[in-house]
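This report refers to the structure that appears directly beneath it.
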Amino acid sequence: MVRPSSAARLRRRARLREVWSEFASQRSGLVGLVLLLVIVVLALLAPLLVPIERLDVTRVTAPSNAAPSGGHWLGTDPQGRDVLAVLLWGSRASLLVGFAATAVSMVLGTVVGMAAGHFRGLWQGVILRFVDFFLVVPSLMLAIVLSSVLSRGLGTIILAIGVTSWAQTARIVRAQTLTIESRPYIERSIALGAGDVHVLGRHVLPSVMPLVLANTTLAVGSAIIAESTLSFLGLGDPTTFSWGSMLKSALDTGAATAGYWWYVLPPGLAIVVVVLCFTLVGRALESVLNPTLRSR
Amino acid sequence: MSESTHDGPALAWRDVTITYATGVVAVDGVDLVVPRGATIGVAGESGSGKSTLVMAALRLLPRDARLEGTVELDGEDVGAMTFGRLRAVRWTSAAIVFQGAMHSLNPVRTVERQVAEALELHRDEQYPDAAARRARVLELLGLVDLPASTAGAYPHELSGGQKQRVMIALALACDPDVIIADEPTTALDVVVQAQVLRVLSGLVADRGLTLVMISHDLAVLAAVCERIVVMRDGRVVEEGLSREVLTDPQHEHTRELAAAFPVIGDESARYTVGHDRERILPTTAPALAPAERDDPGRDTADSARDRHTQGVGGAVLAVRDLVVDFRSRGRAVRAVDHVSLECAPGEIVALVGQSGSGKTTLARSILGLQRPTSGEVLFEGEPMPRDRAGLRAYRRRIQFVLQDPSASLNPKHTVYEAVAEGLRIHRLEREGVDEAARVAQALEQAELTPTERYATSLPSQLSGGQRQRVVIAGALALEPSYLVADEPVASLDASVRGEILALLLRLRRDLGLGALVITHDLGLAWNVADRVLVMHQGRIVEDGPVEEVLLDPQHDYTRSLLEVVPSRLGSHA
């Protein structure tokens with residue numbers, strides 16, 4: 001008999017197609033996805049579209065705080081740099097931190113959540129109190145403390161956001177783990193001799209993955225907001241551009257009170273649009289993967 | 001009782017066909033007349049259309065059902081009734097005792113309020129105030145042998161049998177002429193089932209009610225009803241007097257249904273189960289069979305262990321003085337109370353008891369899924385290991401078959417993955433076992449052929465019986481020395497039940513594989529077992545060969561269990 005792995009692959013492909021057609025039928029999710037793809041492509045192409053030299057303060061020729069014009073679509077900032085160029089370069093940091101911090105938080109949340117649901121007795125108690133600690137500590141405060149203690153840089157920001165935002169995921173994953181583990185097929189698996197790794201890896205993880213996936217897209221949005229907040233508070237890496245640091249420099253230079261709206265609005269709107277896109281995609285994905293949410 | 005003056009049949013279905021929007025024909029041209037005061041049982045497996053047919057009497061069908069033909073209640077066409085008329089007729093002319101009393105009662109209302117609800121809706125002039133209604137509720141509870149204190153109880157405070165009796169009281173509230181009972185005893189264990197059936201048949205006889213009762217169990221129907229109608233695939237395949245249908249079934253399907261509830265003491269039902277009525281006798285020396293197997297995967301250590309076992313005196317599995325305590329809400333509950341037992345290789349032992357007798361806890365302790373409070377489990381002469389690695393190796397040799405095959409397979413794994421799971425857990429490929437070949441062999445042993453067709457299916461694409469075969473194949477893939485099966489056929493239809501039991505018998509004949517079968521069904525024990533253990537309140541009260549225990553019971557509890565076996569109930573009626 002041939003190993004029916006090709007059949008499994010075919011089935012997985014069919015399932016993917018099914019998920020896609022279900023997702024595509026929701027217009028808001030589709031709009032969010034298209035916008036997101038455009039933004040991601042622009043961010044990736046930023047070095048080609050706008051060479052980094054053009055952002056070098058020592059080489060800029062344009063006047064500072066110039067209003068939008070044909071040469072500078074969104075005007076220039078207090079240093080005379082093109083705001084659109086800074087915005088493009090800023091999207092790289094914002095998206096990178098958003099994705100990376102979410103990845104850290106999802107991996108942590110999934111691992112800790114599955115452990116909290118799987119183990120019993122003393123271990124469960126210890127893990128749950130650990131989760132509770134991160135749930136009740138104001139995550140922004142913790143992130144501020146972490147990023148001011150550790151060395152400045154994108155890595156620190158990613159770590160600070162990731163480490164402070166996994167507790168919610170852990171709770172959700174734990175609940176799902178408990179449901180799955182009460183099914184008789186887990187008992188059958190244990191009776192066959194399965195250990196913790198097998199039960200978690202073969203049965204629990206595949207069942208919690210859809211949930212985590214939907215949660216991930218929603219979490220990217222909040223990670224981007226957290227990154228902007230930290231940068232705005234001056235805790236970011238001063239050598240990289242990000243939307244948060246743009247807002248901070250706008251505040252520091254009094255752009256808003258001086259009426260230089262072209263320096264204040266673009267980064268703020270960019271944050272809103274990207275977060276909204278992630279939320280739309282996340283909600284659509286959630287309703288595809290969790291049919292009970294549909295028609296609500 | 002009713003305002004009707006009509007003296008035709010109480011209920012009549014005339015050429016009724018019911019089709020669902022999905023295209024499924026649930027009921028196919030059924031003609032059935034229930035005369036006033038008659039008691040009729042409708043038998044059939046799940047999907048036979050029996051519930052759909054009966055619910056049509058009160059127009060209680062799902063929206064997408066289309067009905068052709070006419071259903072007459074008291075001579076009046078139910079399909080032509082206005083909604084107001086239908087509402088008046090429901091419960092006053094015909095009332096229903098629903099299946100699964102656990103879910104049919106409102107958990108946040110007392111019994112009294114729920115029974116009084118029917119009175120408020122239909123009999124408000126007869127019982128105008130709360131006091132009158134209360135008196136009526138108490139009268140009704142008295143009818144079903146429930147104490148007056150039940151009135152103030154919430155459903156969760158009652159046992160399954162009590163809840164089912166409340167459902168009967170509820171059905172009687174408005175003095176209907178016709179009672180429709182949909183599987184009224186299915187979720188109950190035998191002792192409670194007997195009580196409920198006694199109450200129901202007593203009421204029907206005393207008050208001259210017309211009863212239509214649905215069940216998959218011919219013997220239960222025969223205990224209460226005069227006539228039995230057997231349905232299959234939406235058609236009536238047999239109709240006749242209960243006694244005749246039960247003892248001399250004409251249609252092949254009726255024979256299958258009847259075979260699922262064998263008469264204990266009927267020698268022809270021993271080791272003959274399934275479609276073909278093939279007689280599967282144990283081999284003369286079952287213990288020798290494993291060594292004779294032509295099996296390249298079995299290593300020499302295994303054969304050595306087999307010989308060792310036989311040297312020890314035969315018991316492959318022994319339990320010594322096992323005690324299991326549970327803590328629930330601060331109180332210690334003793335689920336298993338100093339139990340000792342022995343199972344010889346190749347022996348099929350039935351562990352019989354009511355729900356709550358501790359039989360499942362005992363099985364879980366034997367498999368190492370539940371830590372015993374004291375006592376020990378010996379497998380092939382060695383105590384069950386307690387450490388992880390030891391337990392893992394132990395679980396390769398003793399395998400578990402669970403009650404509900406639909407839930408005991410991961411819905412996302414194919415049959416191949418489900419069967420190969422054990423092999424992967426124990427990393428048998430490292431020992432030179434060809435996974436694909438072993439899976440194919442196990443599927444073949446579990447009679448899932450052609451194996452290629454089943455290997456790629458998902459559990460949802462299989463029937464209940466096929467799923468149970470997959471679970472069994474998964475156990476066989478590890479080539480165990482013994483099986484523990486917890487109610488292996490309780491959630492399966494009657495005809496499939498026979499097939500699975502026949503499979504257990506053939507595995508024993510061909511592989512010398514013994515099994516500890518846990519069941520509440522004495523008929524199953526009579527069908528397949530060599531030995532019976534009767535468990536009551538955590539203790540084994542009787543232990544012996546099937547013929548001795550079931551035909552000449554020594555313990556009072558065994559006798560009371562045997563008295564309430566449905567086929568015996570029938571002989572009293």
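Below, all heavy atoms of this structure are taken into account, side chains as well, without hydrogens, waters or symmetry copies. Throughout, a chain's letter reflects where its sequence line sits, starting with A, and its residues are numbered from 1.
- Most heavy-atom pairs under 4.5 Å with chain A, from the set B:Gly474, B:Ala418, B:Ala420, B:Ala477: that is B:Ala418.
- Atom CD of B:Gln466 has more than 12 heavy atoms from other residues, nucleotides or ligands within 6.0 Å.
- More than 12 heavy atoms of other residues, nucleotides or ligands sit less than 6.0 Å from atom CZ of A:Arg120.
- Taken to the nearest 0.5 Å, the NZ atom of B:Lys412 stands 6.5 Å off from the OH atom of A:Tyr185.
- Within the 3.5 Å criterion, the main-chain N or O of A:Ala194 finds no donor-acceptor partner in the side chain of B:His426.
- A distance of 8.5 Å separates CG in B:Asn410 from CZ in A:Arg202, rounded to the nearest 0.5 Å.
- Ion pairing between A:Arg183 and B:Asp404 fails under the 4.0 Å rule for side-chain N and carboxylate O.
- Scanning for salt bridge (charged side-chain N to carboxylate O under 4.0 Å, His left out) contacts around A:Glu181 gives an empty result, with sequence neighbours left out.
- Atom CG of residue A:Leu192 and atom CZ of residue B:Arg395 lie 10.0 Å apart, to the nearest 0.5 angstrom.
- Annotation: residues 100-108 of chain A contacts chain B through no residue [non-hydrogen atoms, separation under 4.5 Å].
- Atom NE2 of A:His198 is separated from atom CD of B:Glu421 by 3.5 Å, given to the nearest 0.5 angstrom.
- Interatomic distance, B:Leu402 CG to A:Glu187 CD, rounded to the nearest 0.5 Å: 6.0 Å.
- Note on residues 95-129 of chain A: pairs passing ring pair (Phe, Tyr, Trp, His ring centres under 6.0 Å), not counting sequence neighbours, are A:Phe99-A:Phe278.
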Pairs of donor and acceptor atoms involving the side chains of residues 206-223 of chain A, under 3.5 Å and at least two apart or interchain, shall be tabulated with distances.
residue  : atom : partner  : partner atom : Å
A:Ser207 : OG   : A:His203 : O            : 2.8
A:Thr216 : OG1  : A:Val212 : O            : 2.6
A:Thr217 : OG1  : A:Ala214 : O            : 2.8
A:Ser222 : OG   : A:Ala219 : O            : 3.1

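- How far CG of A:Asp196 is from CZ of B:Arg388: 4.5 Å, rounded to the nearest 0.5 Å.
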